[in-house]
Amino acid sequence: MLYELRTYTVKPGTIGEMVKAASTVSRDIRKDDYGKLEGYWMTEIGPLNQVMHLWSYKDFDERSRLRAELAGNSRWTGEYVPLIRPLLQRQDIRLLNAVKPPVAPASTGNIYELRNYRAKPGGAVKQWLEALTEALPAREKYSKIVGLWQTEAGQPNEICHIWAYASLNARAEARASALKDPVWQEFLRKGGPLLDEMHSTIMLPAPHSPLQ
């Protein structure tokens with residue numbers, strides 16, 4: 001599977017309009033006929049005035065074909081695009097290969113955290129992913145990972161992972177507990193030197209997001 005994470009930065013004060021258009025007009029037109037919607041979020045802490053939506057496709061060819069078909073859909077170009085175009089300030093796209101495909105949390109009403117890390121050039125991405133995979137059972141004793149990807153295009157040497165928590169307090173408690181775990185401590189000791197940058201964004205799911 002190929003995953004696409006689209007980040008749209010909108011004008012201040014227009015997040016509500018963007019989400020309303022996406023949850024009504026866009027979903028009515030697209031459904032899951034032009035790629036499957038995996039999740040749709042609004043940023044809460046970190047970069048502001050952004051929506052992030054995750055789509056899945058069978059492969060690159062299917063993505064190209066379905067997006068061409070969507071661009072030819074008169075309702076899409078005539079009803080949805082005119083609604084959001086005045087709101088947009090920037091669009092960014094990441095194409096992702098799944099190391100762990102997305103899995104919905106056991107309960108709804110969550111906050112989500114997107115963590116994107118830039119690894120050192122060379123083989124650092126592979127080494128970091130191998131170390132995380134080994135340590136992940138220990139880390140998931142405290143909170144479950146939603147998905148893990150290596151970025152294929154858009155950002156080089158990047159890893160993206162999404163986590164779900166019942167609340168910000170639950171996130172703080174899970175992370176504090178993990179930091180005391182010897183297995184996780186060893187992972188941090190090995191994994192930290194492989195990274196150049198670490199970014200975190202707290203996101204809230206939109207009403208139409210499959211991941212709640």
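None of these values were measured; they are calculated from a predicted model.
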Would you confirm whether [X], through its side chain, and [Y], through its main-chain N or O, come within 3.5 Å as a donor-acceptor pair?
X	Y	result
Ser209	Gly39	no
Ser167	Ala170	yes
Ser23	Lys20	yes
Ser64	Phe60	yes
Gln212	Ala206	yes
Glu62	Lys58	yes

Just checking, is any N or O donor in the side chain of [X] or [Y] under 3.5 Å from an acceptor N or O on the other one?
X	Y	answer
Tyr80	Asp28	no
Gln50	Thr7	no
Asn97	Glu152	yes

**Q.** From Arg139, Arg175, Lys141, residue fulfilling salt bridge (Lys or Arg N to Asp or Glu O under 4.0 Å) relative to Asp181
**A.** Lys141
Heavy-atom count around [X] [atom1] within 6.0 Å, excluding the residue itself: above 12?
X	atom1	answer
Glu130	CD	yes
Lys120	NZ	yes
Lys31	NZ	yes
Lys190	NZ	yes

Heavy-atom pair with the smallest gap, counting every atom of [X] and [Y]:
X	Y	value
Tyr165	Ala174	CE2-CB, 3.9 Å
Pro82	Trp76	CD-O, 4.4 Å
Asn49	Gly13	OD1-N, 4.2 Å
Ser177	Tyr142	CB-CD2, 3.5 Å
Ile159	Leu129	CG2-CD2, 3.9 Å
Leu54	Tyr3	CD1-CB, 4.1 Å

Any side-chain heavy-atom pair from [X] and [Y] closer than 4.5 angstrom?
X	Y	value
Val146	Asn110	no
Leu211	Tyr40	no
Met1	Pro101	no
Arg67	Tyr34	no
Thr14	Pro86	no
Thr151	Leu96	yes
Val125	Gln150	yes
Ser200	Leu114	no

Q.
Are Trp41 and His208, when compared by the centres of their aromatic rings, separated by less than 6.0 Å?
A. no
Q | Sub-6.0 Å ring centroid separation between Tyr112 and Trp163 | A | no
Q: For the pair Gln89 and Thr9, evaluate side chain to side chain donor-acceptor pair (under 3.5 Å) and give the outcome as yes or no after the intermediate values.
A: CA-CA 6 Å; Gln89 291 190 323; Thr9 304; over 6 Å; no
Q: Take Leu5 and Asp92, measure what side-chain contact (heavy atoms from CB on, under 4.5 Å) needs, and give me the verdict at the end.
A: CA-CA 8 Å; Leu5 181 63; Asp92 295 284; over 6 Å; no
Q: Step by step, work out the side-chain contact (heavy atoms from CB on, under 4.5 Å) result for His53 and Leu37.
A: CA-CA 7 Å; His53 33 129; Leu37 179 65; 4.3 Å; yes
Q) Which residue pairs satisfy the salt bridge (charged side-chain N to carboxylate O under 4.0 Å, His left out) criterion with at least one member in residues 6-18, sequence neighbours excluded? A) Glu4-Arg6
According to a hydrophobic-cluster definition based on side-chain heavy atoms being under 4.5 Å apart (Ile, Leu, Val, Met, Phe, Trp, Tyr only), do [X] and [Y] belong together?
X	Y	result
Ile145	Met52	no
Val99	Leu95	no
Ile93	Val10	no
Val19	Ile29	yes
Leu83	Leu88	yes

[Y]/[X] salt bridge by N-O under 4.0 Å criterion:
X	Y	answer
Arg27	Asp32	yes
Glu113	Arg115	yes
Asp61	Arg63	no

Q: Test side-chain contact (heavy atoms from CB on, under 4.5 Å) on Ile162 and Trp149 and set out the steps.
A: CA-CA 9 Å; Ile162 295 178; Trp149 299 265; 3.8 Å; yes
Say you draw a straight line from [atom1] of [X] to [atom2] of [Y]; how long is it, rounded to the nearest 0.5 Å?
X	Y	atom1	atom2	value
Leu204	Glu44	CG	CD	4.5 Å
Leu179	Trp184	CG	CH2	9.0 Å
Glu79	Thr77	CD	OG1	9.0 Å

Q: Please state whether the rings of Trp128 and Tyr117 are parallel, tilted or perpendicular, taking 30° and 60° as the class boundaries.
A: perpendicular
Q: Would you please test Leu168 and Ile45 for side-chain contact (heavy atoms from CB on, under 4.5 Å) and show each step?
A: CA-CA 11 Å; Leu168 286 174; Ile45 301 174; 4.1 Å; yes
Q.
Please identify which of these residues, Gln155, His199, Glu158, meets the side chain to side chain donor-acceptor pair (under 3.5 Å) condition with Arg118.
A. Gln155
Q | Residue of the set Ile15, Leu87, Thr43 for which side chain to side chain contact (heavy atoms under 4.5 Å, CB included) holds with Val51 | A | Ile15
